[in-house]
Amino acid sequence: MADTTSAPPSGLLLRLAGVLSAYGTDTAFTRRDTQPHPTRSALIGMFAAAAGRPRHQALDPLDLPDRPRYTDLAFTIRVDQPGTPYTDFHTTGSGRPRHEQLRTSKGDRRPEGKTTHVTDRHYLTDACFTVAVHGDAALIAYLADTLEHPQFAPYLGRRACVPDEPLVLTPPLTDPLTHLLKHAPLTLPGPPGPDEERIPVTFWWDTPPPNPTAHRELADNPADFTPHHRRHTVRSLWSTTQYLPAALYAGANPLPALADYRHRLEQPCPPPP
């Protein structure tokens, strides 16, 4: 199933799955939220970290032809498993000496007996997303290499959220969207019914698709990752329901189907007749 076209690669597929994931857009004070799908900020931050870029240079042009940026990339997200929302009651700051205690809004240290800081941290459990990453061929090739050999370990929104294997589901592809719709194995919460030929699956799009079923705005487009100067802009995204072949179901243990899919993509193309 290797690509047989002569067009340059324009994308690849990632599989973001794990016991815990968290894609927050409102993480400043005592409530750390999560969106129901990966955000642009989480994805672009993962890419920059894998390349070893410091936060203040994460969004700078890359040393590649045409000087692309990670913010040039577009994403199409397939929701294989939406996961289950989970809230962690989290405390920090207690048990440390006075000079290491948390600071107040005035810059002072918290007083004795009031050193514990309580937060509610929201996660998704057992969620799985297959993401088509679209972009310049040189940037896609660089992205595939750095994710396979990362300088800093990738994580699913927060450092405690370790991704399952495989993270990089495909090599660079000429048509990642077709693979997302017709070929990439589906990790579903349960098997399709015996009479089901098509399965409804939610998709989220960076650009307007035909006949969207929902539209929303989200402040997750990174403008600056510099500590204490983090800034995001608002962007639009659209949702659709696509009916995918039930034959894409990868089974209760999806790893063999995922490995076989990747192996078939890596096989050399046969020579033309």
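- With respect to Asp80 and Arg15, no salt bridge is recorded, no charged nitrogen being found less than 4.0 Å from a carboxylate O.
- In this structure the side chain of Thr146 never reaches within 4.5 angstrom of the side chain of Phe47, judged on heavy atoms.
- One hydrophobic cluster, built from ILVMFWY side chains closer than 4.5 Å, holds both Val168 and Ile77.
- Checking side-chain atoms of Thr34 against main-chain N and O of Tyr23 turns up a donor-acceptor pair under 3.5 Å.
- With Thr241 contributing its side chain and Val201 its backbone, the two residues share no donor-acceptor pair below 3.5 Å.
- Placement of Val79 and Tyr123 in two distinct hydrophobic clusters is found when ILVMFWY residues are connected by side-chain heavy-atom separations under 4.5 Å, directly or transitively.
- Side-chain contact annotation: His179 with Thr170, donor-acceptor N/O pair under 3.5 Å absent.
- In the displayed structure, Arg67 atom CZ is contacted under 6.0 Å by more than 12 heavy atoms of other residues, nucleotides or ligands.
- Trp204 places none of its side-chain heavy atoms less than 4.5 Å from the side chain of Leu218.
- A continuous path of hydrophobic side-chain contacts links Leu147 to Leu59 [ILVMFWY only; heavy atoms under 4.5 Å].
- Between Leu12 and Pro176, the shortest heavy-atom distance links the atoms N-CB, 4.1 Å.
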Original post:
Given the rule in the side chain to side chain contact (heavy atoms under 4.5 Å, CB included) test, do Leu20 and Thr125 qualify, once you have shown the distances and angles that lead to the verdict?
Top reply: CA-CA 5 Å; Leu20 289 176; Thr125 62; 3.7 Å; yes
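- Taking each heavy atom of Leu156 and Ala17 in turn, the nearest pair found is CD1-O, 3.5 Å.
- In this structure, Leu16 and Leu167 have side chains that are in contact, with non-hydrogen atoms separated by less than 4.5 Å.
- Checking side-chain atoms of Asp88 against main-chain N and O of Arg121 turns up no donor-acceptor pair under 3.5 Å.
- Between the CG atom of Leu143 and the CD atom of Glu148 there is a distance of 10.0 Å, given to the nearest 0.5 Å.
- Side-chain contact between Glu266 and Tyr261: absent, with no pair of heavy atoms (C-beta onward) separated by less than 4.5 Å.
- Rounding to the nearest 0.5 Å places CG of Asp126 at 8.5 Å from CG of Asp164.
- With Arg231 contributing its side chain and Asp224 its backbone, the two residues share no donor-acceptor pair below 3.5 Å.
- No more than 12 heavy atoms of other residues, nucleotides or ligands lie within 6.0 Å of CG in Asp66, so this atom counts as exposed by the packing criterion.
- The shortest distance between side-chain heavy atoms of Leu237 and His37 falls below 4.5 Å.
- Arg262 CZ: more than 12 foreign heavy atoms inside a 6.0 Å radius.
- A distance-only check finds a donor-acceptor pair linking the side chain of Asp72 to the backbone of Arg69 [under 3.5 Å].
- Ile140 is connected to Leu43 through a chain of hydrophobic side-chain contacts under 4.5 Å among Ile, Leu, Val, Met, Phe, Trp and Tyr, so both are in one cluster.
- Panel note: side chain Arg53, backbone Leu62; no donor-acceptor pair is recorded below 3.5 Å.
- Residue Leu258 is not grouped with residue Val162 when hydrophobic side chains (ILVMFWY) are merged at heavy-atom distances under 4.5 angstrom, including chains of intermediate members.
- Listed for the Ser41 side chain is no donor-acceptor partner under 3.5 Å among the backbone atoms of Pro222.
- Scanning all heavy atoms of the two residues, the minimum distance from Gln151 to Ala49 falls at CB-O, 4.0 Å.
- Side-chain contact between Ile44 and Leu73 is absent, with no heavy atoms from C-beta onward closer than 4.5 Å.
- Using a distance-only test at 3.5 Å, with no hydrogens or angles considered, no donor-acceptor pair links the side chain of Ser239 to the main chain of Thr213.
- Salt-bridge annotation for Arg235 and Asp206: present, with a side-chain N of the basic residue lying under 4.0 Å from a carboxylate O of the acidic one.
- When all heavy atoms of Pro209 and Trp238 are compared, the closest pair comes out as CD-CB, 3.5 Å.
- Rounding to the nearest 0.5 angstrom, the gap separating the CG atom in Leu188 from the OH atom in Tyr249 is 6.5 Å.
- A distance of 10.0 Å separates CG of Leu173 from OG1 of Thr178, quoted to the nearest 0.5 Å.
- With Asp33 contributing its side chain and Thr25 its backbone, the two residues share a donor-acceptor pair below 3.5 Å.
- Using modelled atom types, no side-chain atom of Arg55 and backbone atom of Gly45 make a donor-acceptor pair closer than 3.5 Å.
- Atom CG of Leu139 sits about 13.0 Å away from atom NE2 of His134, to the nearest 0.5 Å.
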**OP:** Applying side chain to side chain contact (heavy atoms under 4.5 Å, CB included), run through Arg230 and Phe225 and close with a yes or a no.
**Re:** CA-CA 5 Å; Arg230 289 171 62 92; Phe225 278 137; 3.8 Å; yes
Original post:
When you look at His232 and Asn221, which way does the side chain to side chain contact (heavy atoms under 4.5 Å, CB included) test go after all the steps?
Top reply: CA-CA 5 Å; His232 294 78; Asn221 196 37; 5.7 Å; no
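- Note: Phe75 CZ to Thr207 OG1 = 12.0 Å, rounded to the nearest 0.5 Å.
- For Pro185 against Ala257, the heavy-atom pair with the smallest separation is CG-O, 3.8 Å.
- The side-chain heavy atoms of Ser236 and Arg216, taken from C-beta on, include no pair separated by under 4.5 Å.
- Across Pro65 and Pro68, no two heavy atoms sit closer than the pair O-CD, 3.3 Å.
- In this structure, Ile199 and Tyr243 have side chains that are not in contact, with every pair of non-hydrogen atoms separated by 4.5 Å or more.
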